[in-house]
Each structure stands twice: as structure tokens, then as C-alpha cells.
Amino acid sequence: MAQEIILASGSDIRATLLRNAGLSFTVDPARIDESAIRAGLEAEEAPPRDIADTLAEIKASRVAAKHPEALVIGCDQILEHRGTCLAKPATPDEALAQLRALSGDRHTLLSAAVIVEEGRPVWRHVGQVHLTMRQLSDDYLQDYVARNWESIRHSVGAYKLEEEGVRLFTQIHGDYFTVLGLPLLDLLSYLVLRGTVPA
């Protein structure tokens, strides 16, 4: 019998990526105080990579405690811009402020995935993508947020590359799936290597 795979994330796009790749899995989002954990890590001056990795591991471990025989995938994404980590915007005004800060500049997205099995991490990876946003007029940004708020409120940086957000950029260096919040190719390579996914 195939080993159960559980995605410890409520992200629709992550689930879609795994489903489109032909994986059979269930979804059980981790319930953690992400803001408090992130604030604690930032207070300790943890680098963005470590913040993403730690949050992904905590999410996977929380769900794995209920499903010790399963492979549990925890994920997290961090946006780093000039030494500051951005979170998902809480309001349209916050989204607009984030986009104003990113406009005409370069930032980095870090997407972490950790697999926990039998109470311990067995695999982890943090993908990085460098993105350059074009210089955008304030009128456009205000219209963009108004048109897309219900979608972008769920994304760090207040954009989705798979939607109108692609118009905000001039350059992207790195893996497309990592931008979407999951280092999918590395994850699949591991699952194939261990025989969980046939190849």
C-alpha cells in the first residue's frame, strides 16, 4: 500500500501544483501562530532563509504528530526586500505600500518545503528566485490593488505571477514553481528517489 502524503498547507495553488503533477495526497492545513513565530525569529535576527525553513518545518511537524506514518509536506514563503521580510498584506492600503516599496527595485522570494516522517524531518529545500519589478505609476498600482485585492491578499508582496501580477515585472531569475510557493521540481525529485512516486 502506497504511503500517504499530506500537504500541511491550505494554499490552493500548492495543492493544484501537486495535483497537476499527478500526486495523490490529502490536505490538512497546520494551525500555528505564524505571525508570532515569525516575529520571534525576526527578533533573533534570523536570516529570511531560516525563517522560511523553520516555519515550513513547524507546520509539517504539527500535522505529522497526528499522522506519524505519513509523509507530511510543510511549506512557507518569505519575501525579502532590502533586509526586510514582507508578510501577506492585511489591508488594501498595506498591499499598496508593499508594491510602492518594490516598484522599480529587486527582491527575493524564498519558498521552503520540509517533509516530516515519523516525527522527524527527512528532507528540506529552500528555493530562491530574484525578481525585478518595473517602475510603476501610483495610479496603476492603486487600480491594480482595487482590481485584484481578493486574490493578492493571500500573497506576500501583493502580487500573483500567474495572474495580472506578471505585468509588474521586467526580469525573473529562478524557478517558476518557487515563485508560486513550492520548490516543486526538487520535491518531486526526492519523492521519485525514495520510490514514493514512480518514474
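Side chains of Glu4 and Glu69 form no contact here, defined as non-hydrogen atoms less than 4.5 Å apart. By the 4.5 Å heavy-atom criterion applied to side chains, Asp50 and Leu41 are not counted as neighbours. By the 4.5 Å heavy-atom criterion applied to side chains, Ile51 and Cys85 are counted as neighbours. Residues Leu71 and Thr196 form a side-chain contact, since some pair of their non-hydrogen atoms from C-beta on lies under 4.5 Å apart. At a threshold of 4.5 Å between non-hydrogen side-chain atoms, the residues His67 and Glu117 do not count as touching. Put simply, the side chain of Val156 reaches to within 4.5 Å of the side chain of Leu109, judged on heavy atoms. At a threshold of 4.5 Å between non-hydrogen side-chain atoms, the residues Arg38 and Ile78 count as touching. In this structure the side chain of Val129 never reaches within 4.5 angstrom of the side chain of Phe177, judged on heavy atoms.
In this structure, the side chain of Asn148 does not engage the main chain of Ser151 through any donor-acceptor pair within 3.5 Å. Within the 3.5 Å criterion, the main-chain N or O of Pro89 finds no donor-acceptor partner in the side chain of Arg153. In this structure a side-chain-to-backbone donor-acceptor pair under 3.5 Å is missing from Glu164 to Tyr144. In this structure, Arg62 contributes its side chain and Arg31 its backbone to a donor-acceptor pair below 3.5 Å. A distance-only check finds no donor-acceptor pair linking the side chain of Ser155 to the backbone of Ala158 [under 3.5 Å].
Cluster membership check: Leu110 does not share its hydrophobic cluster with Ile73, using side-chain heavy-atom separations under 4.5 Å among Ile, Leu, Val, Met, Phe, Trp and Tyr. When the side chains of ILVMFWY residues are joined at heavy-atom separations under 4.5 Å, either directly or via intervening members, Leu18 and Val179 end up in a single hydrophobic cluster. Linking ILVMFWY side-chain heavy atoms closer than 4.5 Å, directly or via other members, places Leu193 and Leu182 in two distinct hydrophobic clusters. Note: the hydrophobic cluster containing Leu180 also contains Leu7 (ILVMFWY, side chain heavy atoms under 4.5 Å, direct or indirect links). Cluster annotation: Leu141 and Leu161 are assigned to the same hydrophobic cluster (Ile/Leu/Val/Met/Phe/Trp/Tyr, side-chain heavy-atom contacts under 4.5 Å, transitive).
Residues Arg134 and Thr170 have side chains that never bring a donor and an acceptor to within less than 3.5 angstrom of each other. If you check the side chains of Arg82 and Thr84, you find no donor sitting under 3.5 Å from an acceptor. Remark: the Gln77 side chain and the Ser111 side chain contain an N/O donor-acceptor pair separated by less than 3.5 Å.
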Glu57 vs Arg124, side-chain contact (heavy atoms from CB on, under 4.5 Å): CA-CA, chis, key distance, verdict
CA-CA 8 Å; Glu57 181 176 336; Arg124 66 198 326 127; 2.4 Å; yes
Could you give me the CA-CA distance, side-chain angles and deciding distance for Gln142 and Arg100, then say whether side-chain contact (heavy atoms from CB on, under 4.5 Å) is met?
CA-CA 10 Å; Gln142 291 183 50; Arg100 283 171 174 154; 4.0 Å; yes
Between Ile37 and Leu55, is a side-chain contact (heavy atoms from CB on, under 4.5 Å) present by the stated rule, with each step listed?
CA-CA 8 Å; Ile37 296 168; Leu55 285 166; 3.6 Å; yes
Please step through salt bridge (charged side-chain N to carboxylate O under 4.0 Å, His left out) for the pair Glu163 and Arg147, ending with a clear verdict.
CA-CA 12 Å; Glu163 298 175 1; Arg147 277 194 306 274; over 6 Å; no
Could you check His81 against Leu102 for side-chain contact (heavy atoms from CB on, under 4.5 Å), going step by step and ending with a plain yes or no?
CA-CA 8 Å; His81 176 243; Leu102 298 175; 3.6 Å; yes
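Scanning all heavy atoms of the two residues, the minimum distance from Ala8 to Val63 falls at CB-CG2, 3.5 Å. Counting all heavy atoms, side chain and backbone alike, Thr178 lies closest to Pro183 at OG1-CA, 3.8 Å. Residues Val72 and Ala60 approach most closely at CG1-O, 3.5 Å, considering heavy atoms. Across all non-hydrogen atoms, the minimal contact from Trp149 to Thr91 is CH2-C, 3.3 Å. Among all heavy-atom pairs drawn from Leu131 and Ile172, the shortest one is CD2-CG1, 4.0 Å. Taking every heavy atom of both residues into account, Leu99 and Gly157 meet most closely at CD2-O, 3.4 Å.
Going from atom OH of Tyr190 over to atom CD1 of Ile115 covers 5.5 Å, rounded to the nearest 0.5 Å. Between the CD1 atom of Ile5 and the CG atom of Leu23 there is a distance of 4.5 Å, given to the nearest 0.5 Å. Separation of atoms CG (Asp138) and CG (Leu96) is listed at 6.0 Å; rounding is to 0.5 Å. Interatomic distance, OG of Ser103 versus CE of Met133, reported as 7.0 Å (0.5 Å rounding). Here the OG1 atom belonging to Thr54 is positioned 9.5 Å from the CZ atom belonging to Arg49, to the nearest 0.5 angstrom. With rounding to the nearest 0.5 angstrom, the CG atom of Leu184 is 11.0 Å from the NE2 atom of His125.
Between His107 and Tyr159, the distance from one ring center to the other falls under 6.0 angstrom.
Crowding of Asn20 atom CG: a count of heavy atoms from other residues, nucleotides or ligands under 6.0 Å exceeding 12.
Classification of Arg106 and Glu80 as a salt-bridged pair fails, no side-chain N sitting under 4.0 Å from a carboxylate O. Looking at Glu34 and Lys59, a side-chain N of the basic residue comes within less than 4.0 Å of a carboxylate O on the acidic one, giving a salt bridge.
Grouped by direct or indirect side-chain proximity (heavy atoms under 4.5 Å, Ile/Leu/Val/Met/Phe/Trp/Tyr only), Val114 sits with Val116.
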